[in-house]
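Here the structure comes first, spelled out in structure tokens, and everything after it is commentary.
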Amino acid sequence: MSYLVIGEPAQVKEVMARTDDFAPTNALTSVVPLAPATLRILSKARFALPPVLASATGAQHRAVRTMVGKFFTPAKVAAIEPRVRELSQQRLAAAKLELAHGPLDLGDAVGRHIPPVVMAELTGQPTPDVDLLNRWSRDSLELFWGWPDPERQVELAHSAAEFYVWLRQEVAAAKGTASLFGVLDAAGLTSAQVCSLGYFLVIAGQETTSLLINTALYRGLKLGQGIGGWASLADPEAARAHIKAVLATESSVHTWRRAALHDTELQGTAIPAGAEILLELTGQHPENAAASAFSLAFGYGLHRCLGAKLAELETALVVEETARALPGLTPAGDPPQWLRLLSFQAPLTVHATQPH
């Protein structure tokens with residue numbers, strides 16, 4: 001697949017704002033064509049992703065976005081702060097004991113456990129065991145945003161099908177409830193539409209935040225000791241500034257796609273109908289950019305991430321609490337392997353040690 005890559009921040013914003021010219025119809029399309037065997041596995045599970053939120057436009061998109069947004073209002077996000085701190089402190093107490101015996105992976109011990117709990121409590125939707133959820137999420141990201149060969153696709157498709165079957169069961173169980181799925185069902189969305197929304201909302205609500213936490217912890221530890229180093233991130237303002245810097249430079253969702261609906265142009269450059277566009281959301285701002293530069297990491301306009309403030313808050317609080325509980329942490333072991341997909345990136349591990 002050949003993409004027209006757009007990285008200049010003002011142009012990225014313009015593309016996202018011009019919804020009549022550039023649409024997210026390709027946002028959830030697999031990067032590589034899915035092989036026949038892969039499609040058979042998904043078809044057997046009645047796997048379908050009709051456009052609802054991330055890949056939709058028009059009146060229905062706005063209506064669904066309004067319904068989903070009510071679960072992530074500024075007041076509700078602010079109110080979740082004590083819970084995030086509590087969860088972080090619980091995980092860190094266990095991590096401190098483990099560190100007495102040697103290095104550990106902060107992402108595994110702390111970061112990945114918090115976003116699923118927070119998402120479940122805000123939406124009223126239960127989540128599966130965290131290990132299963134992580135596997136389903138990573139496999140789905142690789143299937144749709146990676147470059148798996150046909151053999152690997154089959155493995156990933158079985159995982160995606162399991163995830164989808166679980167989602168369909170949750171949608172059925174949510175009927176008549178005040179949960180997110182129940183509200184969408186009551187509004188007249190079909191099971192396939194709710195599953196489509198849930199498929200990526202569940203991933204976005206926890207996996208991309210867990211990945212962002214990994215990057216923030218990893219870059220925080222790389223600051224070293226001393227003034228302005230790792231321990232300084234125990235200060236709330238320093239932690240928030242650190243997260244904004246990470247979002248501006250290497251967010252976990254670093255690109256997103258759009259497609260040109262018809263022949264058009266962008267700041268004098270002709271763009272043909274059907275052109276596949278890859279927008280660089282992070283890493284392209286000049287060093288002296290305005291303080292709001294980080295916000296482009298969550299998109300812009302009608303498709304800006306509904307959980308932006310939640311992801312930012314969770315990540316800042318986890319970093320702050322970790323730096324406060326374990327101020328002497330230093331990186332351990334070899335540099336980590338990174339997840340590198342078309343639209344997702346993060347260190348897969350954050351190994352750290354506590355000098356005795």
Side-chain angles (χ1 to χ4, degrees), residues 53-54 68-69 71-74 76-81 83-88 90-92 105-123 125-128 130-138 140-141 145 163 180 197-220 233 239-240 242-256 281-282 294-299 304-322 338-339 341 343-350:
L53 196 60
V68 176
F71 288 84
F72 304 101
T73 63
K76 289 181 178 179
V77 170
I80 206 74
E81 177 175 336
R83 181 64 169 141
V84 177
R85 290 190 184 279
E86 176 189 23
L87 292 167
S88 299
Q90 290 173 355
R91 300 302 310 182
L92 286 163
D105 175 8
L106 285 174
D108 180 62
V110 182
R112 73 187 182 106
H113 295 272
I114 296 164
V117 176
V118 173
M119 175 60 70
E121 293 183 2
L122 281 174
T123 63
Q125 291 300 143
T127 55
V130 67
D131 288 334
L132 183 57
L133 181 60
N134 287 162
R135 177 171 68 82
W136 282 346
S137 298
R138 293 281 175 91
S140 290
L141 289 182
W145 284 277
F163 184 16
L180 174 60
L197 184 149
Y199 188 78
F200 290 108
L201 188 67
V202 169
I203 295 174
Q206 55 83 32
E207 187 65 22
T208 58
T209 303
S210 296
L211 294 173
L212 180 61
I213 290 172
N214 272 16
T215 305
L217 288 170
Y218 177 68
R219 291 305 179 197
L233 298 181
R240 287 195 294 271
H242 175 65
I243 303 316
K244 285 178 167 56
V246 168
L247 286 167
T249 55
E250 53 181 343
S251 176
S252 56
V253 185
H254 62 293
T255 70
W256 208 243
L281 305 180
T282 185
F294 75 95
S295 66
L296 192 56
F298 294 109
R304 178 171 163 78
C305 174
L306 288 167
K309 289 298 182 184
L310 176 62
E312 185 184 343
L313 176 71
E314 285 185 85
T315 306
L317 293 175
V318 171
V319 168
E320 176 194 332
E321 291 291 344
T322 305
W338 281 64
L339 178 72
L341 303 175
S343 292
F344 302 92
Q345 64 179 6
L348 292 172
T349 55
V350 189

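What you see is a predicted model; the values in this text were computed from it and never measured.
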Hey, what do you get for [atom1] ([X]) to [atom2] ([Y]), rounding to the nearest 0.5 Å?
X: Leu341; Y: Ser252; atom1: CG; atom2: OG; value: 11.5 Å
X: Leu233; Y: Arg240; atom1: CG; atom2: CZ; value: 12.5 Å
X: Leu348; Y: Leu211; atom1: CG; atom2: CG; value: 8.0 Å
X: Thr208; Y: Phe298; atom1: OG1; atom2: CZ; value: 8.0 Å
X: Thr123; Y: Phe72; atom1: OG1; atom2: CZ; value: 6.0 Å
X: Trp256; Y: Trp145; atom1: CH2; atom2: CH2; value: 4.5 Å

Check whether any side-chain heavy atom of [X] sits under 4.5 Å from a side-chain heavy atom of [Y], and report yes or no.
X: Phe71; Y: Leu122; value: no
X: Phe163; Y: Leu132; value: no
X: Arg219; Y: Glu250; value: yes
X: Val110; Y: Leu92; value: yes

Only pairs under 3.5 Å count here: list side-chain donor-acceptor contacts from residues 305-319, not counting sequence neighbours, and write none if there are none.
from, atom 1, to, atom 2, distance (Å)
Glu312, OE2, Lys244, NZ, 2.6
Thr315, OG1, Ala311, O, 2.8

Atom of [X], atom of [Y] and distance for their closest heavy-atom approach:
X: Gln345; Y: Thr282; result: NE2-CG2, 4.4 Å
X: Gly111; Y: Ser210; result: O-OG, 4.0 Å
X: Val350; Y: Gly107; result: CB-N, 4.2 Å
X: Val246; Y: Ala216; result: CG2-CA, 4.2 Å
X: Ser137; Y: Ile203; result: OG-CG1, 4.0 Å

Worksheet item: Which residues pass the salt bridge (Lys or Arg N to Asp or Glu O under 4.0 Å) test with Arg85, sequence neighbours left out?
Response: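 Counting only residues at least two positions away or on another chain, Arg85 forms a salt bridge (Lys or Arg N to Asp or Glu O under 4.0 Å) with Glu81, Glu320, Glu321.
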Worksheet item: Which residues satisfy the salt bridge (Lys or Arg N to Asp or Glu O under 4.0 Å) test with Asp105, sequence neighbours excluded?
Response: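 Result, salt bridge (Lys or Arg N to Asp or Glu O under 4.0 Å) vs Asp105: none returned.
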Worksheet item: Among Asp131, Asn214, Thr209, which one satisfies side chain to side chain donor-acceptor pair (under 3.5 Å) with Arg112?
Response: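 Of Asp131, Asn214, Thr209, side chain to side chain donor-acceptor pair (under 3.5 Å) with Arg112 is met by Asp131 alone.
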Fill in: Name of the residue among Gln206, Met119, Glu207 meeting side-chain contact (heavy atoms from CB on, under 4.5 Å) with Leu133
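Only one of Gln206, Met119, Glu207 forms a side-chain contact (heavy atoms from CB on, under 4.5 Å) with Leu133, namely Gln206.
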